[in-house]
Amino acid sequence: MTSSAPEQSARGFRHASVLLDGAVDALIHDPAGAYLDGTFGRGGHSRAILARLAPEGRLLAIDRDPQAIAEAATIADPRFSIEQGEFARLGEIAEAHGLHGGLAGILLDVGVSSPQLDDPERGFSFLRDGPLDMRMDPSRGESAADWLARAPEGEIARVFKTYGEERFARRLARAIVERRVERPFTRTADLAEVIKAAHPAWEKGKHPATRAFQALRIQVNGELDQLDAALAAALEALAPGGHLVVISFHSLEDRRVKRFIRDHVRGDTHLPKGVPLRDDQLHRRLEALGKARRPGPEEVEANPRARSAVMRAARKRY
């Protein structure tokens, strides 16, 4: 399973779609069907899906990033359409297009894209100085700088611990609050340096700000709540027999996806033992399509950011 070569986006930042072939293989089971790409990004998966669809097939894409919407405008294919919005809203977006309950497949490629990380102006990376923003849609919501300026120390520590799994969350939060008294944080490099100086135990090969920046990004964009809502909406938007394919990039996401699929494969397992129910009364709405899949060595070598990716797939039973 290897990814395609990196694509050149409209702004010049390269993007390689992770698990490209494997995801499309798991997704497409009816070339004439209607599919939804809930995270268009820079269009790698969408283009691969379109290449596999029959003339009567259809692809609806969603992304909240204005730059992704601009990139989608370069796809001149009557089978393709895109809506700007959060993928948590995929149910209502599918409904507006007359596809709710009739989708043959839904793909969710969760997390931040390479162009977002590589563009300093987006403020996602601690490696490149830029405005401390981190919003996937810069026109909406609260930036990372604004949130850090107002959040109590305990809340910052909670976010670092919960969303970044940062061992030294309290220590880093204290350093941030103490520094913001004299000068607010407005730049990524400034925040990274304060975290770097406060962090007592650097992990080999990992910048000490890695976990804190991940946590901030998840907080600013509400990513885990978005994922939970998107999974629930996807189950209802799929047609019976439709495929759900999800690619995640860290354990917080993957645990949610794994639990969601497992719970709907098992059905009503919360019922007391001995309750006389037939198998079809257990509401087992999903069937797992194989085991979790990860990128192969060749893809990781070509695209190191793929190393943490996990893909899970399931089929809707009814």
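Computed from heavy atoms alone, side chains included, the values below leave out hydrogens, waters and symmetry copies.
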NZ/NE/NH1/NH2 to OD/OE distance under 4.0 Å, [X] and [Y]:
{"X": "Asp119", "Y": "Arg128", "result": "no"}
{"X": "Arg256", "Y": "Glu253", "result": "no"}
{"X": "Asp133", "Y": "Arg122", "result": "no"}
{"X": "Glu83", "Y": "Arg89", "result": "no"}
{"X": "Glu287", "Y": "Arg315", "result": "yes"}

Q) Given Glu142 and Arg135, is the salt bridge (Lys or Arg N to Asp or Glu O under 4.0 Å) satisfied, shown in steps? A) CA-CA 8 Å; Glu142 186 177 38; Arg135 289 173 294 175; over 6 Å; no

Q | Connected via hydrophobic side-chain network under 4.5 Å: Leu227 and Met134 | A |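 The answer is no; the residues belong to distinct hydrophobic clusters.
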
Looking at every non-hydrogen atom in both residues, tell me the closest pair between [X] and [Y] and how far apart they are.
{"X": "Leu286", "Y": "Lys316", "answer": "CD2-CA, 3.8 Å"}
{"X": "His97", "Y": "Ser81", "answer": "CE1-OG, 3.9 Å"}
{"X": "Arg42", "Y": "Glu71", "answer": "O-CG, 3.7 Å"}
{"X": "Pro295", "Y": "Ala306", "answer": "CG-O, 3.0 Å"}
{"X": "Leu108", "Y": "Ala230", "answer": "CD1-CB, 4.2 Å"}
{"X": "Thr188", "Y": "Gly123", "answer": "CG2-O, 3.5 Å"}

Is any side-chain heavy atom of [X] closer than 4.5 Å to a side-chain heavy atom of [Y]?
{"X": "Leu19", "Y": "Ile247", "value": "yes"}
{"X": "Leu60", "Y": "Ile82", "value": "no"}
{"X": "Ile69", "Y": "Arg64", "value": "no"}
{"X": "Pro138", "Y": "Pro66", "value": "yes"}
{"X": "Gln214", "Y": "Leu252", "value": "yes"}
{"X": "Ile261", "Y": "Val257", "value": "yes"}
{"X": "Phe87", "Y": "Phe40", "value": "no"}
{"X": "Arg47", "Y": "Ile75", "value": "yes"}

For [X] and [Y], indicate whether the former's side chain and the latter's backbone hold a donor-acceptor pair under 3.5 Å.
{"X": "Thr162", "Y": "Arg158", "result": "yes"}
{"X": "Ser308", "Y": "Phe249", "result": "yes"}
{"X": "Tyr35", "Y": "Asp30", "result": "yes"}
{"X": "Asn221", "Y": "Glu223", "result": "no"}
{"X": "His45", "Y": "Val24", "result": "no"}
{"X": "Arg174", "Y": "Glu153", "result": "no"}
{"X": "Arg179", "Y": "Arg183", "result": "yes"}
{"X": "Asp109", "Y": "Val246", "result": "no"}
{"X": "Ser125", "Y": "Leu127", "result": "yes"}

Q: Please check if any side-chain donor atom of Asp65 sits under 3.5 Å from a side-chain acceptor atom of Gln116, or the reverse.
A: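 There is such a pair (donor and acceptor under 3.5 Å, judged by atom type) between the side chains of Asp65 and Gln116.
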
Q: In sequence, state the C-alpha distance, the side-chain angles, and the governing distance for Leu107 and Ile49, and then conclude on side-chain contact (heavy atoms from CB on, under 4.5 Å).
A: CA-CA 10 Å; Leu107 172 65; Ile49 292 167; 4.2 Å; yes

Q) Among His199, Glu166, Glu165, Glu203, whose side-chain hydrogen bond (donor to acceptor under 3.5 Å, both in side chains) with Arg211 holds? A)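 Result: among His199, Glu166, Glu165, Glu203, Glu203 is the only option passing the side-chain hydrogen bond (donor to acceptor under 3.5 Å, both in side chains) with Arg211.
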
Q: Kindly assign one of parallel, tilted or perpendicular to the pair Phe213 and Phe126, based on the angle between their ring planes and the thresholds 30° and 60°.
A: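 Phe213 and Phe126: perpendicular rings.
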
